[in-house]
Q: 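This is the structure, below, for whatever I ask next.
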Amino acid sequence: MTELAPQFDPKQIETTLFDRWLKEGCFKGVADSTSEPYDITIPPPNVTGSLHMGHALNNTLQDVLIRKNRMAGRATRWVVGTDHAGIATQNKVEQKLAKEGLTRYDVGREAFIEKCWEWREQYGSTIIDQLKAMGCSCDYSDEWFTMNESYQRAVREVFVDWYDKGLIYRGRRIINWCPRCTTALSDIEVEHEDVPGRLHYLNYPLEKPVGGRHFITVATTRPETILGDVAVAVHPDDERYQELIGSVALLPLVGRKLEIIADDYVDPAFGTGAVKITPAHDPNDFEVGQRHDLEQINVLDEHGAINELGGVYAGLDRYEARKAILADLDAEGFVEKIEDHEHAVGHCYRCHTEIEPYLSDQWFVDMKPLAQPAIDAVRDGRVKFHPARWSNVYFHWMENIRDWCISRQLWWGHRIPVFYCDACGKQFASKEDLTVCPDCGAPLRQDEDVLDTWFSSQLWPFATFGWPIGDVSHAPEAVDYWYPTSALSTARDILFLWVARMIMSGLYFMDGQVPFADVIIHPTVFNKEGKRMSKSLGTGVDPLDLMETYGADGMRFGLMLQVTGVQDLKFSEEKLLSSRNFANKIWNAARFVLMNTEDYTPVAAAPEPTHTADKWILSRLATLVCQVSEGIDTFEFGEVARALYEFTWNEFCDWYIELAKGRLQGSAGERAEVQRMLVFVLDQTLRLLHPMMPFVTEEIWGKLPLVREGQASMLIRAAWPDADALARYLDPQAEAALSSIKMTISALRSTRARYGISPKTPLAAVIRTSTSGQAEFIISRRALIESLANTESLEVGTDVAKPPASVSMIGEGLEVFIPLEGLVDLKAERMRLSKEQEKLQVEFDRLQRKLGNEGFLAKAAPEVVEKDRARAEDLQGQLEKVVGQLADLG
RNA sequence: GGGCGAUUGGCGCAGCGGGAGCGCAGGACCCUUACAAGGUCAAGGUCACAGGUUCAAAUCCUGUAUCGCCCACCA
């Protein structure tokens with residue numbers, strides 16, 4: 001047997017173990033008709049991405065679920081892969097080209113796409129390698145990519161189906177345009193941010209004075225858009241403007257005639273109650289324009305600069321144009337006043353450029369018909385959110401869902417499979433690439449745009465099982481076996497972008513079956529100051545650095561300790577330090593067990609405890625197994641981690657191992673019995689810890705003297721502890737008995753500390769118990785007390801006399817006297833006991849009041865009343881003893 | 001304008017109807033033969049505030065305050 005080092009060094013074992021797991025094929029998802037599958041499809045990280053704390057948290061959590069269920073005997077598969085991330089990747093490749101002084105237009109579409117693939121080859125596996133470093137047990141033998149061949153077929157299948165059913169349509173609308181990415185975005189890809197701005201009051205002269213008025217004042221935050229104004233609107237009931245409705249204003253600087261129209265959209269209370277209408281640059285104005293059949297004048301180009309329709313301002317960037325136009329308006333006296341005005345401005349979620357409402361032709365998905373079944377699925381519990389409150393957020397969005405703009409003016413992505421025949425005018429969607437028109441034989445032209453990345457991501461839970469036809473690595477029935485998946489774990493910010501859409505498309509294409517039963521919305525990781533972790537702001541922490549310092553297990557467990565049902569998580573590195581120390585504690589507990597079991601012969605059968613300490617630890621273990629199993633199944637990761645920590649450290653290490661030390665020196669039979677227990681409890685504990693701390697547990701487990709066949713890793717060989725089978729070990733008496741031993745030892749240690757007596761100086765103790773049974777029990781555990789508290793003599797009984805000049809400690813059902821000839825500080829003892837008395841009295845009085853309350857006796861649960869009664873009795877006993885001791889002290 | 005979350009010892013957090021807990025920091029003592037990344041002992045809180053429900057409230061309800069998120073087309 002190889003001796004373990006006194007300190008656990010994660011680096012020494014992590015890669016070796018991970019390679020072994022891979023080599024043994026532990027992670028491979030294999031369909032097994034005899035077992036119920038447990039599978040998760042990983043939220044595919046962007047190929048451009050690298051691991052951040054959110055990933056670290058989310059993937060640990062999924063690995064915990066996967067590992068636990070794998071140990072529990074389920075056919076398990078964690079599908080891994082990456083997302084092609086249209087805009088993000090295109091930006092990266094464009095940046096790379098820019099360094100060579102090139103743009104994508106210089107290299108051309110085909111060559112550019114080729115460069116994107118090259119980029120993906122080169123950098124796309126970074127994050128996968130980082131998942132491996134974390135120990136994530138994904139099925140790496142089958143890595144997916146949202147643009148691989150099989151996936152492309154899935155996207156085509158979906159597009160053509162929806163197109164043919166009329167769910168995908170083309171429309172000319174105001175969409176969100178990013179002038180930097182030069183593409184349309186969907187509504188939810190826009191991040192709104194309140195920014196300080198200005199509200200400009202502009203006087204638009206009337207063509208002819210009306211009732212003595214020469215102009216109408218409009219308010220706008222964006223003066224540059226006046227170039228696209230086609231009307232001025234007021235509320236139909238606004239008395240101030242009744243006589244102006246129908247007359248004409250003249251657009252300053254431009255001179256265009258603007259009819260003054262009436263529309264309900266206008267809020268008379270805001271600004272002047274008169275609104276300039278710019279249908280091509282504002283979604284509301286667009287609608288007003290439609291109602292009044294107004295012209296749409298688009299004055300911006302795709303980069304957000306004023307186009308040729310902007311007259312003298314043509315070519316100016318939108319911000320320069322704003323300044324120039326404002327200056328000219330001011331010079332000509334059109335500016336009435338300017339007020340500060342905070343308002344929400346949309347920004348591109350990829351590059352944070354201000355988005356521009358922009359009129360253009362785009363493809364849309366009609367969402368209403370898809371949304372209803374997805375609302376029902378959550379409503380009737382086929383999909384459950386954890387925490388449950390997220391379902392309300394989901395409902396709110398789904399019930400107000402708007403059509404989804406899916407076309408992107410990019411090159412990297414799934415090209416829209418719509419073909420046009422310029423000769424005969426045919427337009428159709430096709431799963432196959434066609435070059436000639438099936439009707440007239442003329443050459444076909446494919447739509448230039450690509451699909452929103454999220455259009456392909458939404459297919460993840462079934463496309464990754466080879467849907468629709470299966471491919472080389474997938475039997476066609478793979479999707480039948482693995483779909484629906486078991487759980488989905490993700491951050492809240494992609495609830496709409498991704499989760500909702502997966503539910504909709506899953507239900508639609510998988511015969512009404514939901515893609516997953518449980519959606520776990522994990523807390524968002526913030527830094528200590530409560531700010532978003534951000535690489536660019538330098539407020540982030542790199543999980544790789546953390547693993548370097550605390551080990552993968554330390555990072556994983558430290559994160560799990562912090563997971564609660566709360567929506568924000570202020571990242572605490574101290575928890576990782578505690579977790580690293582915890583790993584070391586486990587390591588050393590194992591080291592102790594291994595050092596003391598070299599002469600031990602493994603036994604397969606479960607232990608039958610006779611010793612109280614053994615009964616106690618098995619009882620505690622049985623409770624722990626329940627807590628951990630249930631906790632993982634109900635996604636209470638923080639509670640599970642805390643229960644494991646507490647049991648391992650405070651019960652197994654602090655007490656059981658200490659209690660075992662003496663017994664290991666006992667008779668051969670006694671020694672064997674304790675060895676059996678140490679190995680059994682450690683084995684079971686390691687199994688429970690494994691999902692959260694896979695490395696340290698695997699390393700130790702492999703060295704434990706167990707009856708085992710072959711050398712397979714614990715990940716697949718160690719069965720998950722069975723709570724039902726262990727329930728027979730539950731033993732409240734043993735747990736109570738242990739507490740009196742603990743009390744006795746604590747009393748001795750506390751006295752020692754108070755009087756500065758070295759642990760090396762043996763103490764004598766006299767213990768008075770309330771029952772003879774208790775006295776017998778303590779006597780039988782004399783050796784334990786001697787070894788843990790260094791006592792040289794122990795006198796125990798129900799009526800033993802208090803030795804003179806002794807310190808007395810009072811606990812539940814017993815008094816401990818420690819003779820300290822010549823040392824006892826009477827004054828200090830009196831003070832301590834008085835304080836103790838006060839504490840006991842307060843608590844006793846509280847209970848007395850409670851027990852004297854008719855309402856309590858009548859309405860509280862009988863067991864609660866009984867418990868309080870017993871406690872009051874015990875407190876009374878303790879009080880009497882304290883009072884007695886005080887009297888003794890004089 | 002709606003919605004959600006948070007407010008508990010110096011710091012970070014758990015508990016979410018019946019005896020206020022954890023980690024870190026700080027104090028005293030201890031290199032005790034698994035572990036100083038450790039052990040023992042002690043100290044530290046009117047659970048944001050105000051009402052209410054209940055025999056019983058840190059825990060449930062209502063409101064207030066502060067902080068933070070999300071959704072929303074008010075120019």
Side-chain angles (χ1 to χ4, degrees), chain A residues 4 6-8 174 187-188 192 199 218-222 225 233 265-267 269-278 282-287 341 343-344 357 387 389-390 392-393 396-397 400 492-493 495-496 523-524 526 528 530-532 550 554 558 561-562 564-575 577-596 638-639 642 645-646 653-654 657-658 661 745-746 749-754 756-760 787 789-790 843 846-847 850 853-861 864-865 867-868 871 875:
Chain A
L4 263 51
Q7 282 199 346
F8 170 52
I174 297 264
D187 294 335
I188 45 179
H192 291 274
L199 191 59
V218 300
T220 181
T221 52
R222 304 193 50 199
T225 63
Y265 150 69
V266 181
D267 173 7
F270 187 87
T272 61
V275 188
K276 62 193 248 349
I277 298 297
T278 322
D282 182 280
N284 296 305
D285 293 9
F286 177 80
E287 283 173 24
H341 177 67
H343 61 146
R389 72 184 120 85
W390 289 106
N392 289 328
V393 180
H396 182 255
W397 189 72
N400 296 287
R492 65 176 123 104
D493 53 353
L495 181 60
F496 308 140
T524 305
F526 293 94
K528 234 180 164 145
K531 299 272 182 273
R532 202 166 216 103
Y550 305 106
L561 278 172
Q562 298 178 59
T564 64
V566 153
Q567 62 191 22
D568 297 338
L569 183 163
K570 269 189 269 177
F571 177 72
S572 146
E573 198 166 324
E574 283 95 47
K575 287 278 193 297
L577 179 68
S578 305
S579 300
R580 181 196 66 170
N581 295 352
F582 181 46
N584 190 54
K585 191 76 181 175
I586 297 166
W587 179 262
N588 274 288
R591 188 161 170 258
F592 173 83
V593 173
L594 293 175
M595 284 167 76
N596 286 286
E639 284 186 29
R642 269 170 246 124
Y645 185 96
E646 210 176 290
C653 292
D654 284 354
I657 286 185
E658 293 308 317
K661 282 177 181 171
I745 292 167
S746 294
R749 284 172 174 168
S750 170
T751 304
R752 206 184 270 289
R754 227 157 357 98
I757 301 164
S758 158
K760 286 178 180 151
S787 69
N790 190 19
E843 185 58 16
R846 203 183 61 81
L847 278 176
K850 212 168 158 186
N853 183 329
E854 290 297 330
F856 175 67
L857 298 174
K859 293 184 183 173
V864 172
V865 177
K867 198 179 140 204
D868 280 347
R871 259 194 73 225
L875 283 172

Q: Take atom C1' in B:G17 and the same atom in B:C47, then report the distance between them in whole Å.
A: 15 Å
Q: Distance under 6.0 Å and angle within 45° of the ring axis: does A:Lys661 meet both against A:Phe592?
A: yes
Q: Any chance you could measure A:Lys585, atom NZ, to A:Asn581, atom CG, to the nearest 0.5 Å?
A: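 With rounding to 0.5 Å, NZ (A:Lys585) is 10.0 Å from CG (A:Asn581).
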Q: Roughly how far apart, to the nearest Å, are B:G52 and B:U59 at atom P?
A: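 My reading of the P atoms in B:G52 and B:U59 gives 14 Å.
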Q: When both hydrogen-bonding distances must be under 3.5 Å and the geometry is Watson-Crick or G-U wobble, what is B:A57 paired with, if anything?
A: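 B:A57 is unpaired by these criteria.
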Q: Nearest to the A:Asn584 side chain among B:C35, B:G19, B:G18, which nucleotide is it?
A: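 Nearest nucleotide to the side chain: B:C35.
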Q: Taking any strand in view, what nucleotide pairs with B:C69 in a Watson-Crick or G-U wobble way, both distances under 3.5 Å?
A: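 Its partner is B:G3 (Watson-Crick or G-U wobble, both distances under 3.5 Å).
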Q: RNA chain B: A:Ala589 or A:Ala753, which has the more 5' nearest nucleotide?
A: A:Ala589
Q: C1' atom, B:A36 versus B:G68: distance in rounded Å?
A: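 About 40 Å, rounded to a whole number of Å.
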Q: Hey, does A:Arg492 reach any base, or is it just sugar-phosphate, or nothing, if we go heavy atoms under 4.0 Å?
A: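 Here A:Arg492 touches the backbone only, sparing every base.
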Q: With a 4.0 Å cutoff (strictly under), does any side-chain N or O of A:Lys575 reach OP1 or OP2 of B:A14?
A: no
Q: Are A:Arg222 and A:Thr278 packed together at the side-chain level, in the sense that at least one heavy-atom pair is separated by less than 4.5 angstrom?
A: no
Q: Given B:G12, B:A75, B:C35, identify the nucleotide with an atom nearest to the side chain of A:Ala219.
A: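 Shortest atom-to-atom distance from the side chain points to B:A75.
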Q: May I have the distance from A:Glu854 (atom CD) to B:U54 (atom C1'), rounded to whole angstrom?
A: 17 Å
Q: Check A:Val566 against A:Pro523 and note the closest heavy-atom contact, atom names and distance.
A: O-CB, 3.3 Å
Q: Can you check the A:Asn392 CG to B:C70 C1' distance for me, whole Å?
A: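 Rounded to whole Å, this separation is 13 Å.
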Q: Can you tell me how far the OG atom of A:Ser579 sits from the CG atom of A:Leu561, to the nearest 0.5 Å?
A: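 Between A:Ser579 OG and A:Leu561 CG, I get 4.5 Å after rounding to 0.5 Å.
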Q: Between B:U46 and B:U33, how far apart are the two P atoms, rounded to whole Å?
A: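 Going atom to atom, P in each nucleotide, I get 42 Å.
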Q: Does a nitrogen or oxygen in the side chain of A:Lys859 sit under 4.0 Å from OP1 or OP2 of B:G18?
A: no
Q: Need one value for A:Gly273: base, sugar-phosphate or nothing, where a base atom within 4.0 Å counts as base even if backbone is also close, heavy atoms only.
A: base
Q: Please state the P separation for the pair B:A14 and B:A75 - nearest whole angstrom.
A: 37 Å
Q: Select one nucleotide: of B:A75, B:G18, B:A34, the one nearest the side-chain heavy atoms of A:Glu658.
A: B:A34
Q: Counting side-chain heavy atoms from C-beta on, which of B:G39, B:A75, B:G12 comes nearest to A:Lys570?
A: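 Between B:G39, B:A75, B:G12, the one nearest the side chain of A:Lys570 would be B:G12.
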Q: Mark yes or no for a side-chain to base donor-acceptor pair under 3.5 Å between A:Asn853 and B:C55, with no hydrogen or angle criteria applied.
A: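 In this structure, the two groups form no donor-acceptor pair.
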Q: What's the closest nucleotide to the side chain of A:Val275 if the choices are B:A34, B:A75, B:G18?
A: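 Of the options given, the side chain of A:Val275 lies nearest B:A75.
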Q: Do the side-chain N or O atoms of A:His396 get closer than 4.0 angstrom to the phosphate oxygens (OP1, OP2) of B:C70?
A: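 For B:C70, neither OP1 nor OP2 has a side-chain N or O of A:His396 closer than 4.0 Å.
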Q: Should A:Ser750 be listed as having a side-chain N or O under 4.0 Å from OP1 or OP2 of B:A42?
A: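 Answer yes for this pair, as a side-chain N or O of A:Ser750 is under 4.0 Å from OP1 or OP2.
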Q: For A:Tyr265, answer base if it contacts any base atom (sugar-phosphate contacts may also be present), sugar-phosphate if it contacts only those atoms, and nothing otherwise; contact means non-hydrogen atoms under 4.0 Å.
A: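 Here A:Tyr265 touches the bases of the nucleic acid.
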Q: Once you round to the nearest 0.5 Å, how far does OG1 of A:Thr221 lie from NE2 of A:His341?
A: 6.5 Å
Q: Provide the distance between the two C1' atoms, one in B:C61 and one in B:C70, to the nearest whole Å.
A: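 One C1' to the other, the span is 25 Å.
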Q: Take atom CZ of A:Phe8 and atom C1' of B:A36, then tell me their distance rounded to the nearest Å.
A: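 The distance from CZ of A:Phe8 to C1' of B:A36 comes to 18 Å, rounded to the nearest Å.
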Q: Thinking salt bridges, do A:Arg846 and A:Glu843 make one under a 4.0 Å N-O criterion?
A: yes
Q: Taking the minimum atom-to-atom distance to the side chain of A:Arg642, which one of B:C31, B:A14, B:C35 wins?
A: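 Among the listed nucleotides, the one closest to the side chain of A:Arg642 is B:A14.
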Q: Using the P atom in both, what is the distance from B:A57 to B:G19, to the nearest Å?
A: 11 Å
Q: Could you state the atom-to-atom distance from CG of A:Leu857 to C1' of B:U54 in whole Å?
A: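 The answer, rounded to whole Å, is 16 Å.
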Q: B:G9 and B:A48: how far apart are their P atoms, nearest whole angstrom?
A: 8 Å
Q: Taking OP1 and OP2 of B:G38, is either one under 4.0 Å from a side-chain nitrogen or oxygen of A:Asn581?
A: yes
Q: Just call it for A:Val266: base, sugar-phosphate, or nothing, with non-hydrogen atoms closer than 4.0 Å on any strand.
A: base
Q: Going by purine N1 to pyrimidine N3 plus the second Watson-Crick contact, or the G-U wobble pair, all under 3.5 Å, which nucleotide sits opposite B:C29?
A: B:G39
Q: Can you tell me the Watson-Crick or wobble partner of B:A48, both distances under 3.5 angstrom?
A: B:U64
Q: Mind calculating the distance between NE2 (A:His192) and P (B:C69) to the nearest angstrom?
A: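 In whole Å, B:C69 P and A:His192 NE2 are 16 Å from each other.
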Q: So does A:Thr220 get a side-chain nitrogen or oxygen closer than 4.0 Å to the phosphate oxygens (OP1/OP2) of B:A75?
A: no
Q: Quick one: is A:Ser746 getting a side-chain N or O under 4.0 Å of the B:U40 phosphate, OP1 or OP2?
A: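 Looking at the OP1 and OP2 atoms of B:U40, neither is under 4.0 Å from any side-chain N or O of A:Ser746.
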Q: Which nucleotide sits closest to the side chain of A:Asp868: B:A75, B:G23, B:G18?
A: B:G18
Q: Could you check how far OH of A:Tyr645 sits from C1' of B:G21, rounded to whole Å?
A: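 In whole Å, B:G21 C1' and A:Tyr645 OH are 14 Å from each other.
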Q: Working to the nearest 0.5 Å, report the span between CG of A:Asp285 and OH of A:Tyr265.
A: 5.5 Å
Q: What is the base-pairing partner of B:C13, counting Watson-Crick and G-U wobble geometry with both distances under 3.5 Å?
A: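 Partner of B:C13: B:G21.
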Q: Calculate, to the nearest 0.5 Å, the distance between atoms CG and OG1 belonging to A:Leu569 and A:Thr524 respectively.
A: 8.5 Å
Q: Can you tell me how far P of B:A28 sits from CZ of A:Arg749, to the nearest Å?
A: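 Rounded to the whole Å, the gap is 21 Å.
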Q: Base, sugar-phosphate, or nothing for A:Ala861, non-hydrogen atoms under 4.0 angstrom?
A: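 If one applies the 4.0 Å heavy-atom cut-off, A:Ala861 turns out to touch a base.
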Q: With the side chain of A:Asp282 defined as its heavy atoms from C-beta on, choose the nearest nucleotide among B:G5, B:A75, B:A34.
A: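 Of all the options, the side chain of A:Asp282 is nearest to B:A75.
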Q: Toward the 5' end of RNA chain B, which comes first, A:Glu843 or A:Phe496, by nearest nucleotide?
A: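 The residue closer to the strand's 5' end, by nearest nucleotide, is A:Glu843.
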Q: Taking the side chain as every heavy atom from C-beta outward, state whether A:Phe856 and A:Val864 have any pair of such atoms under 4.5 Å apart.
A: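 Yes, close enough: below the 4.5 Å cut-off.
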Q: Counting any heavy atom closer than 4.0 Å, what does A:Arg580 reach on the DNA or RNA strands: base, sugar-phosphate only, or nothing?
A: base
Q: Checking all strands, does A:Lys276 fall into the base, sugar-phosphate, or nothing category for heavy-atom contacts under 4.0 angstrom?
A: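 It contacts nothing in the nucleic acid.
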Q: Taking only N and O in the side chain of A:Lys867, is any of them less than 4.0 Å away from OP1 or OP2 of B:G18?
A: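 Negative; the distance criterion is not met.
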Q: Atom CG of A:Leu569 and atom C1' of B:C69: how far apart are they, to the nearest Å?
A: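 The distance from CG of A:Leu569 to C1' of B:C69 comes to 14 Å, rounded to the nearest Å.
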